[in-house]
**Q** 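Pasting a structure here, questions to come.
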Amino acid sequence: MVNNDFFLRVYDIVRLIPKGKVTTYGHIARALGTGRSARMVGWAMNASHKHDPLIPAHRVVNRKGLLTGKMHFDNPNQMEELLKSEGLVITDNAIKDLEQFIWDPSELGDDL
């Protein structure tokens, strides 16, 4: 069963990711207080392309920086192209120097 409220909370966080930064499924789950629900965050991201306003789904990667969501874009290269346009370097389907570009939504604290 899909928890629509959970998905909407995920999208609220994803909309806050600054241009030129990325976060992970796990970071989002922890920020929501559901640290073991990274996979459910992934499900939310898979469904995010149907929503308006647009959700910058290209800014969510796995814990190793891999572009695991790229198959859910209209063009399989679109995720990489969007990230590159924001100044990130992609090598072997992953963010190069991930730690330099990672954004942790839990740093917002009560502002979430």
**Q** Phe73: what forms a ring-ring contact (aromatic ring centres under 6.0 Å, His included) with it, not counting sequence neighbours?
**A** His49
**Q** With heavy-atom distances below 4.5 Å as the criterion, would you say the side chains of Ile55 and Val10 are in contact?
**A** no
**Q** Would you compute the distance between atom CZ of Arg15 and atom OG of Ser48 and round it to the nearest 0.5 angstrom?
**A** 9.5 Å
**Q** Between CG of Leu82 and CG of Asn75, what distance do you get to the nearest 0.5 Å?
**A** 9.5 Å
**Q** So, for Ser106 and Ala31, which heavy atoms are closest and what is the spacing to 0.1 Å?
**A** N-CB, 3.9 Å
**Q** Using the rule that Ile, Leu, Val, Met, Phe, Trp and Tyr join whenever any side-chain heavy atoms are under 4.5 Å apart, tell me whether Tyr11 and Phe6 fall into a single cluster.
**A** yes
**Q** Using the test side-chain hydrogen bond (donor to acceptor under 3.5 Å, both in side chains), find all partners of Thr34 that sit at least two apart in sequence or belong to another chain.
**A** Ser37
**Q** Would a 4.5 Å heavy-atom cut-off, applied to side chains only, mark Pro56 and Val14 as touching?
**A** yes
**Q** Identify whether Val41 and Leu66 are in the same connected component of the hydrophobic contact network (ILVMFWY, side-chain heavy atoms under 4.5 Å).
**A** no
**Q** Flag yes if Ile17 and Leu98 sit in one hydrophobic cluster, no otherwise; membership is Ile, Leu, Val, Met, Phe, Trp, Tyr, and two members link when side-chain heavy atoms are under 4.5 Å apart.
**A** no
**Q** Determine whether Trp43 and Met79 fall in the same hydrophobic cluster, where Ile, Leu, Val, Met, Phe, Trp and Tyr are linked whenever their side-chain heavy atoms lie under 4.5 Å apart.
**A** no
**Q** Could you pull out all residues at least two apart from Arg63 that satisfy salt bridge (Lys or Arg N to Asp or Glu O under 4.0 Å)?
**A** none
**Q** Decide side chain to side chain contact (heavy atoms under 4.5 Å, CB included) for Leu83 and Leu67; before the verdict, give the C-alpha distance in whole Å, the side-chain angles of both, and the deciding distance to 0.1 Å.
**A** CA-CA 10 Å; Leu83 290 168; Leu67 310 187; 3.6 Å; yes
**Q** List, one per line, each side-chain donor-acceptor pair under 3.5 Å for residues 86-95, sequence neighbours excluded.
**A**
from	atom 1	to	atom 2	distance (Å)
Glu86	OE1	Gly20	N	2.9
Glu86	OE1	Arg59	NE	3.0
Glu86	OE2	His58	NE2	2.8
Glu86	OE2	Arg59	NE	3.2
Glu86	OE2	Arg59	NH2	2.7
Asn93	OD1	Lys70	NZ	3.2

**Q** Donor-acceptor pairs under 3.5 angstrom involving side-chain atoms of residues 22-29: please list them, not counting sequence neighbours.
**A**
from	atom 1	to	atom 2	distance (Å)
Thr23	OG1	Trp103	O	2.7
Thr24	OG1	Gly26	N	3.4
Thr24	OG1	His27	N	2.9
Thr24	OG1	His27	ND1	2.6
Tyr25	OH	Thr68	OG1	3.0

**Q** The criterion is salt bridge (Lys or Arg N to Asp or Glu O under 4.0 Å); which residues satisfy it with Asp97, sequence neighbours excluded?
**A** none
